[in-house]
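Shown next, in structure tokens, is the structure this report addresses.
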Amino acid sequence: MDHPTVAILGAGSLGEIFARGLLRAGWLPDDLILVTRRAERAADLQKDTGIPTITSLGVGAEGRDVVIISVKPNDVPTVLSEIRGCLTPDQVVVCLAAGVEIATLEAALPNQPIIRAMPNTPAAVDLGMTALSPGTSASDDDIARAHLVLGAVGETIELSEDLLDAVTAVSGTGPAYVFLLAEALIEAAIREGLPHHAAEKLVHQTIRGSGELLFQSDESAFRLRGQVTSPGGTTAAAMHVLEDGGFRALMEDAVQSAANRSRELGKRAINP
Ligand SMILES: NC(=O)c1ccc[n+]([C@@H]2O[C@H](COP(=O)([O-])OP(=O)(O)OC[C@H]3O[C@@H](n4cnc5c(N)ncnc54)[C@H](OP(=O)(O)O)[C@@H]3O)[C@@H](O)[C@H]2O)c1
């Protein structure tokens, strides 16, 4: 399949990550168009990336094979009303906004192929994880185009829409859990006497290595953890503190809270 042309409506942090990722994956600047609200940001982005960057949502959406909506959930209704008259049924609209339901998108853009998707920021280093759910008018070809574009910066998985709030809470929010762990571990390392630069290096490489090991290994996280935990040893002492301190319950609460927030944001996007 040739590179489909792509419009990114909302060139904020995530929009820019996708734009740069598509360039790395072989899309030409002219295969892409970015739309942002502020003219100054548009000029900077265009200068920096070479991608045409404008401030008109309608003009940006016109004629592009894939139209990605990457604005905050509250701004989605504005985007939908601005692009409504500018689309044709051969274009697929991919919405990345947390919590905004396919039914809302389809009500605003009747008969338009729609994909709702939830990416994450490791897309910035081509290791993103994006879950996508097709709407009722999306054909196999539309879905394949969405996989191609979103998969340019990492892995994709197709899931039913009712699971996307959970996906938001797990992989969408997930990088923040890992970064918080990194922060806490670095602070603890410094309290144990390690110099700051050494603490950072030890923690960054440990998280990177453990992630890669988990990814490459056929073993589960549970088994890999078992391999570094001997009875009465140092890891066992640390695991004891984390388990007793309610680590699992805290993670569960955090994920539940993020999923609930995703549902709330979706409702607000419907009734702003
Ligand atoms: N960041 C993440 O980790 C992540 C992960 C998964 C999903 N998401 C979803 O991705 C979406 C974007 O997130 P983000 O972090 O990239 O937000 P962001 O940095 O705030 O970017 C949103 C962009 O949309 C632009 N925008 C808003 N209204 C517009 C309009 N009417 N016309 C043109 N541009 C408009 C904003 O322009 P101005 O700056 O000029 O206001 C801004 O550049 C959100 O819905 C979020 O739920 C984010």
Side-chain angles (χ1 to χ4, degrees), residues 7-22 32-46 48-49 51-62 64 67-84 86 93-102 104-105 108 114-125 127-133 146 149-150 153-157 159 161 163-180 255 258-270 272:
I8 300 178
L9 311 182
S13 16
L14 195 64
E16 186 176 347
I17 284 174
F18 268 94
R20 290 185 185 278
L22 289 167
L32 308 171
I33 192 161
L34 301 178
V35 182
T36 185
R37 195 155 35 188
R38 287 167 294 134
E40 195 188 324
R41 162 99 175 136
D44 287 349
L45 265 177
Q46 178 158 331
D48 211 32
T49 62
I51 301 170
T53 308
I54 60 173
T55 53
S56 164
L57 292 161
V59 173
E62 253 170 34
R64 300 283 150 166
V67 176
I68 298 180
I69 300 177
S70 185
V71 297
K72 294 283 190 209
N74 285 347
D75 291 321
V76 170
T78 309
V79 173
L80 295 174
S81 67
E82 294 271 325
I83 66 174
R84 198 190 322 253
C86 309
V93 174
V94 177
C95 184
L96 309 182
V100 179
E101 291 177 3
I102 291 171
T104 308
L105 301 164
I114 302 282
I115 308 275
R116 183 178 159 195
M118 179 46 57
N120 67 9
T121 54
V125 291
L127 290 172
M129 180 68 245
T130 302
L132 57 87
S133 298
V149 170
L150 299 169
V153 290
E155 296 286 328
T156 53
I157 183 173
L159 289 170
E161 186 184 21
L163 297 175
L164 282 195
D165 293 307
V167 168
T168 303
V170 174
S171 56
T173 310
Y177 306 144
V178 178
F179 299 143
L180 179 63
V255 167
N260 287 340
R261 183 70 183 140
S262 172
R263 289 178 196 110
E264 267 172 38
L265 286 172
K267 288 198 190 97
R268 281 196 203 175
I270 303 167

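Counting starts at 1 for both ligands and their atoms, following the listed order.
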Shortest protein contact, [atom] (heavy atom only):
{"atom": "atom 9 (C) of ligand 1", "result": "L96 O, 3.2 Å"}
{"atom": "atom 31 (N) of ligand 1", "result": "L57 CD1, 3.6 Å"}
{"atom": "atom 2 (C) of ligand 1", "result": "T121 CG2, 3.9 Å"}
{"atom": "atom 25 (C) of ligand 1", "result": "G10 CA, 3.7 Å"}
{"atom": "atom 21 (O) of ligand 1", "result": "G12 CA, 3.1 Å"}
{"atom": "atom 12 (C) of ligand 1", "result": "S70 O, 3.2 Å"}
{"atom": "atom 34 (N) of ligand 1", "result": "R37 N, 3.2 Å"}
{"atom": "atom 15 (O) of ligand 1", "result": "S13 OG, 3.3 Å"}

Polar side-chain atom of E161 near backbone of I102 as donor-acceptor pair, under 3.5 Å
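Yes.
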Heavy-atom donor-acceptor pair, T168 side chain to L164 backbone, under 3.5 Å:
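The answer is yes, because a donor-acceptor pair under 3.5 Å joins these two groups.
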Any heavy-atom pair between the side chains of [Y] and [X] that's under 4.5 Å?
{"X": "V76", "Y": "L105", "value": "yes"}
{"X": "S13", "Y": "T121", "value": "no"}
{"X": "L96", "Y": "T130", "value": "no"}
{"X": "I68", "Y": "V149", "value": "yes"}
{"X": "Q46", "Y": "L34", "value": "no"}

Does [X], backbone or side chain, put an N or O under 3.5 Å from an N or O of ligand 1?
{"X": "L14", "answer": "yes"}
{"X": "R41", "answer": "no"}
{"X": "N120", "answer": "no"}
{"X": "A98", "answer": "yes"}

Element-labelled atoms of ligand 1 that are located less than 4.0 Å from some non-hydrogen atom of A11:
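That gives atoms 43 (O) of ligand 1.
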Contacting atoms of ligand 1, where contact means under 4.0 angstrom from a heavy atom of M118:
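Answer, ordered by atom number: 6 (C), 7 (C).
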Once you round to the nearest 0.5 Å, how far does [atom1] of [X] lie from [atom2] of [Y]?
{"X": "D165", "Y": "R263", "atom1": "CG", "atom2": "CZ", "value": "4.5 Å"}
{"X": "L132", "Y": "I157", "atom1": "CG", "atom2": "CD1", "value": "9.0 Å"}
{"X": "R64", "Y": "I83", "atom1": "CZ", "atom2": "CD1", "value": "13.5 Å"}

Of the choices [options], which has the non-hydrogen atom that lies closest to [atom]?
{"atom": "atom 17 (O) of ligand 1", "options": "R38, K72, E82", "value": "K72"}
{"atom": "atom 5 (C) of ligand 1", "options": "G99, P119, P122, P73", "value": "P119"}
{"atom": "atom 26 (N) of ligand 1", "options": "V167, D75, T173, V71", "value": "V71"}

Presence of salt bridge, R38 and D44, under 4.0 angstrom:
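Looking at D44 and R38, the cut-off is not met.
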